[in-house]
Structures are given as structure tokens and as C-alpha cells.
Amino acid sequence: PGERVELARYDGYYRFRPGPARVVVRVMKDPLTAAQALESGDLDWLPRVDTADALAALRSDPGIRLSEYPNLGYTFIGFNVRPGRPFADVVARRAFAMCIDHDAAVQAATGGSGVPVKGNVPPGSYFYDPSIPDYQLDVAAARALLEGNGYTLRDGVYQKDGTRLAGDLYVRQNRAQRVAFAELAKEQVARCGIDLTVKAADYATVLVPLLYHPNDFDLYLGGWGDLADPEDSRLFGCAHVTSKRNPYDDNFTGYCDPALDKLQAAAAQEMDRAKRRELVAQVQQMLHDSGPYYFL
């Protein structure tokens, strides 16, 4: 338990004789250790390389074969938008997005292997809309936006109605690229009077309980994978907001917009692929402009 899973071949399979007689799946939480084990020959296959240093070493090893492909997933910073939380106000979320040098931060955090995204549909998807605008770095405009909407600067941090733009940014401790982006985000939003504390923690024991009801968090840097179809009502729909009655659903941010619900329902029911693509593009635009995620 906690170390490995062992699989044995079943020779009585009726169609053919399966591959190796024995397969050992090792549990290795540290991505660098896993990459080093592959390079040394202790592993035969590694499904994911998650650090830039390890990727560079494996690329230079003639005994390693790498496969790269557009990943139908994305990472994001999710805001808790429930009342009383620092980023419940869409103005604060928009200002946040204007304070980060988006593309440069993605490249720095991933060692050049990441593809910047700006919505909930990744570029590898048929439904991706390239016309969604890029995030624009503009610290002065971000500060002006905040001050024009009632925020005042006190001790270097903006606040409004007693709520400071400060919070803990949680991230999985064993995902080096995500931790790197979190640290970059912390440094960059500080220029806009936003104070973040990066908390890298274990996913199962710390982060998952935070994302369930009562959702006691401010920001979470996470990811979704295998998004073959962009039907995302479970992530952003009002019916999927976590609550006491529905504690374990996927809309942990608490975001609810009836107009978005209506649009997502129309997209889910549209059978014409081209028309559906147009509806999904509108969903991407709405989430980019005012949604609960800053897409990475």
C-alpha cells in the first residue's frame, strides 16, 4: 500500500496472449525522482514529465523516446467567488488578470513547454476559439480599475468595504510547474496591491477537503484534463455549486450566472457542429471576461 501496484498476466484470456507476465506500477509522488528513475532504467515508462529540468535531461538521453502532443486540458487559478471572499467582485478578478505577464509567466514556469491559454477550451480542441483576446499586462490600468470602483490602498494592499485583496493561493506541492507559476503570480500581482501567500500542500489530505463544502479557500491553482468535449456546466453551472446538500460537486468556486447556464444548455443541445462551435465560443468569451477562473 502506497508503494506499488502489481499486475499479473492472465494466460486464459480468450482472444490472445497479453504482453508481459508481470507489470509493476510504482507510486512516485516526486516528479523529478520519477524522471531520474526512468533515465537510470529503474522505470520502463513514465506517463508524464512535469519539470523543465527533467525534460531537458530526458531529451538529451539517446536511450529515451519522448512523445509530445496537444493536451486536451488546462491549468487555472480558481477564485472563491462567494460573498465576503476577496475575489467575489468581478472587478478584483479582472484587475488580477491585468497584473500578470501571462505568456512570459507560462513559459518561465514550464521551461518553454507550456502553451498559454485564455479560456476553458484548449488550443488542441476543434471548439477552440482563437479570437478570444489574450490577457494584457497593464499594471497602471489595473490599479485605475480598482480605484475607480471604490478600492483604496492601505499598507500596500487594496481594500473595499473592509475586505482586503489578500488571500492564500493553494497549489499541489508535487507539481513543480504549478508551484513555479504560483510564485510568479504572487510576485507580479503585488505590484497591483494584491497580496498572495503561496501554500503548496498535499492534494489528497489538504487540497481536496478545502475544495469541498464549506469551501474555505480564497484561490486554488489546479487543472482539468481529458476535456474531449467542452461541456463544462459541471464546472461553472449553478446546479453544480457545492453546498451543504451538494458538498462534493465540481463547481467549487461558487460561480453562478443564469445567462451562462442558458448558453451552456443551448450548446449542449445543439446537434449542428458548426452552430455548436459558435455557442461554445460565446461560453469561452464569457468565462474569459468575468468567470471564476484565470486560465493559465
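Hydrogens, waters and symmetry mates are skipped; everything else that's a heavy atom, side chains included, is used. Sequence positions, counted from 1, serve as the residue numbers for this chain.
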K.L.:
Ring centres of F252 and Y212 under 6.0 Å apart?
P.N.:
no
K.L.:
Could you tell me if the side chain of V241 sits less than 4.5 Å from the side chain of N246, heavy atoms only?
P.N.:
no
K.L.:
Spell out, as yes or no, whether a donor-acceptor pair under 3.5 Å connects the side chain of R234 to the backbone of D249.
P.N.:
no
K.L.:
V24, L7: one ILVMFWY side-chain cluster at the under-4.5 Å cut-off?
P.N.:
no
K.L.:
Does some side-chain heavy atom of L260 sit less than 4.5 Å from a side-chain heavy atom of Q282?
P.N.:
no
K.L.:
Do N80 and D218 have side-chain N/O donor and acceptor atoms under 3.5 Å apart?
P.N.:
no
K.L.:
I'd like to know whether L38 forms a side chain to side chain contact (heavy atoms under 4.5 Å, CB included) with W45, so could you lay out the CA-CA distance, the side-chain angles of the two residues, the decisive distance to 0.1 Å, and finally the verdict.
P.N.:
CA-CA 7 Å; L38 178 69; W45 176 55; 5.6 Å; no
K.L.:
Could you check whether any side-chain N or O of K186 sits under 3.5 Å from a backbone N or O of L196, counting only pairs where one atom can act as donor and the other as acceptor?
P.N.:
yes
K.L.:
How many angstroms lie between CD1 in I77 and OH in Y220, if you round to the nearest 0.5 Å?
P.N.:
11.5 Å
K.L.:
Test your reading of the model: is there a side-chain donor-acceptor pair from R93 to the backbone of V81, 3.5 Å cut-off?
P.N.:
no
K.L.:
Please say yes or no: joined through hydrophobic side-chain contacts below 4.5 Å, possibly via intermediate residues, are Y294 and L184 part of one cluster?
P.N.:
no
K.L.:
Decide yes or no for Y151 and L145: does some side-chain heavy atom of the first lie under 4.5 Å from some side-chain heavy atom of the second?
P.N.:
no
K.L.:
Give the C-alpha distance, both sets of side-chain angles, the deciding distance and a yes or no for side chain to side chain contact (heavy atoms under 4.5 Å, CB included) between L210 and N215.
P.N.:
CA-CA 5 Å; L210 282 175; N215 306 98; over 6 Å; no
K.L.:
Report yes if the side chains of N251 and L235 come closer than 4.5 Å at any heavy-atom pair, otherwise no.
P.N.:
no
K.L.:
Do R82 and T242 have side-chain atoms, one donor and one acceptor, less than 3.5 Å apart?
P.N.:
yes
K.L.:
When you look at CG of D226, are more than 12 heavy atoms from neighbouring residues, nucleotides or ligands closer to it than 6.0 Å?
P.N.:
no
K.L.:
Is it the case that one hydrophobic cluster holds both W224 and Y248, taking links as side-chain heavy atoms less than 4.5 Å apart, direct or via other members?
P.N.:
yes
K.L.:
Is the distance between the ring centroids of F96 and F87 less than 6.0 Å?
P.N.:
yes
K.L.:
Any carboxylate oxygen within less than 4.0 angstrom of a Lys/Arg side-chain nitrogen, looking at E68 and R59?
P.N.:
yes
K.L.:
Quick one: do D129 and F127 satisfy side chain to side chain contact (heavy atoms under 4.5 Å, CB included)? Show the steps, please.
P.N.:
CA-CA 6 Å; D129 181 10; F127 293 99; over 6 Å; no
K.L.:
When you compare the side chains of Y128 and Q284, does any donor N or O come within less than 3.5 Å of an acceptor on the partner?
P.N.:
no
K.L.:
Shared ILVMFWY cluster between M28 and L46, side chains joined below 4.5 angstrom?
P.N.:
yes
K.L.:
Ignoring hydrogens, what is the shortest heavy-atom contact between V117 and P123? Give both atom names and the distance.
P.N.:
CG1-CD, 3.6 Å
K.L.:
What I'd like to find out is whether the side chain of R17 reaches to under 4.5 Å of the side chain of D11, using heavy atoms alone.
P.N.:
yes
K.L.:
According to a 4.5 Å side-chain heavy-atom criterion applied to Ile, Leu, Val, Met, Phe, Trp and Tyr, with indirect links allowed, do L72 and L287 form part of one hydrophobic cluster?
P.N.:
no
K.L.:
Measure the CG-OG distance between L263 and S233 for me, rounded to the nearest 0.5 Å.
P.N.:
12.0 Å
K.L.:
With no hydrogens and no angle check, do the side chains of Y135 and D103 hold a donor and an acceptor under 3.5 Å apart?
P.N.:
no
K.L.:
Please give me the minimum heavy-atom distance between L55 and S113, naming the atom from each residue.
P.N.:
CD2-CB, 3.9 Å
K.L.:
Would you say the side chain of Y255 lies within less than 4.5 Å of the side chain of S290, judging by non-hydrogen atoms?
P.N.:
yes
K.L.:
Do H240 and D250 pair up side chain to side chain, a donor and an acceptor below 3.5 Å, judged on atom types alone?
P.N.:
no
K.L.:
Side-chain donor-acceptor contacts of residues 160-182 below 3.5 Å, not counting sequence neighbours, with atom names and distances?
P.N.:
unit_1: K160; atom_1: NZ; unit_2: N149; atom_2: O; d: 2.8
unit_1: D168; atom_1: OD2; unit_2: K199; atom_2: NZ; d: 3.4
unit_1: N174; atom_1: ND2; unit_2: K29; atom_2: O; d: 3.3

K.L.:
Of the non-hydrogen atoms in I100 and A185, which two are nearest, and what is the gap between them?
P.N.:
CD1-CB, 3.9 Å
K.L.:
Looking at Y293 and T253, what are the two nearest heavy atoms and their distance?
P.N.:
CE1-CG2, 3.7 Å
K.L.:
Working to the nearest 0.5 angstrom, can you tell me the gap between L279 CG and Q269 CD?
P.N.:
10.5 Å
K.L.:
Any ion pair linking R22 and E6 (charged N to carboxylate O, less than 4.0 Å)?
P.N.:
yes
K.L.:
Crowded around Y69 OH? As in, over 12 foreign heavy atoms under 6.0 Å?
P.N.:
no
K.L.:
Got a donor-acceptor contact below 3.5 angstrom from the R9 side chain to the G19 backbone?
P.N.:
yes
K.L.:
Evaluate whether atom OH of Y13 has more than 12 neighbouring non-hydrogen atoms of other residues, nucleotides or ligands under 6.0 angstrom away.
P.N.:
yes
K.L.:
Is any side-chain heavy atom of V91 less than 4.5 Å from a side-chain heavy atom of D89?
P.N.:
yes
K.L.:
Taking atom CG of D134 as the centre, report whether more than 12 heavy atoms of other residues, nucleotides or ligands fall under 6.0 Å from it.
P.N.:
yes
K.L.:
Find the distance between SG (C238) and NZ (K262) and round it off to the nearest 0.5 Å.
P.N.:
13.5 Å
K.L.:
Do D202 and T205 get their side chains close enough for a donor-acceptor pair, meaning under 3.5 Å?
P.N.:
yes
K.L.:
Going by heavy atoms in the side chains, are P292 and F236 under 4.5 Å from each other?
P.N.:
yes
K.L.:
Is a donor on one side and an acceptor on the other found under 3.5 Å between the side chain of H102 and the backbone of A97?
P.N.:
no
K.L.:
Step by step, work out the side chain to side chain contact (heavy atoms under 4.5 Å, CB included) result for L221 and F76.
P.N.:
CA-CA 6 Å; L221 198 162; F76 61 88; over 6 Å; no
K.L.:
If every non-hydrogen atom of H288 is compared with every non-hydrogen atom of K118, which pair is closest and at what distance?
P.N.:
ND1-O, 2.9 Å
K.L.:
Please report the interatomic distance CZ(R26) to CG(D42), rounded to the nearest 0.5 Å.
P.N.:
6.0 Å
K.L.:
To the nearest 0.5 Å, what is the distance between CG on L146 and OG1 on T152?
P.N.:
10.5 Å
K.L.:
Can R277 be said to sit on top of Y126's aromatic six-ring, NZ or CZ under 6.0 Å from centre and within 45° of the ring axis?
P.N.:
yes
K.L.:
Does Q285 use its side chain to pair, donor to acceptor, with the backbone of I132 at less than 3.5 Å?
P.N.:
no
K.L.:
Which pair of non-hydrogen atoms, one from G114 and one from T110, has the smallest distance, and what is that distance?
P.N.:
N-OG1, 2.8 Å
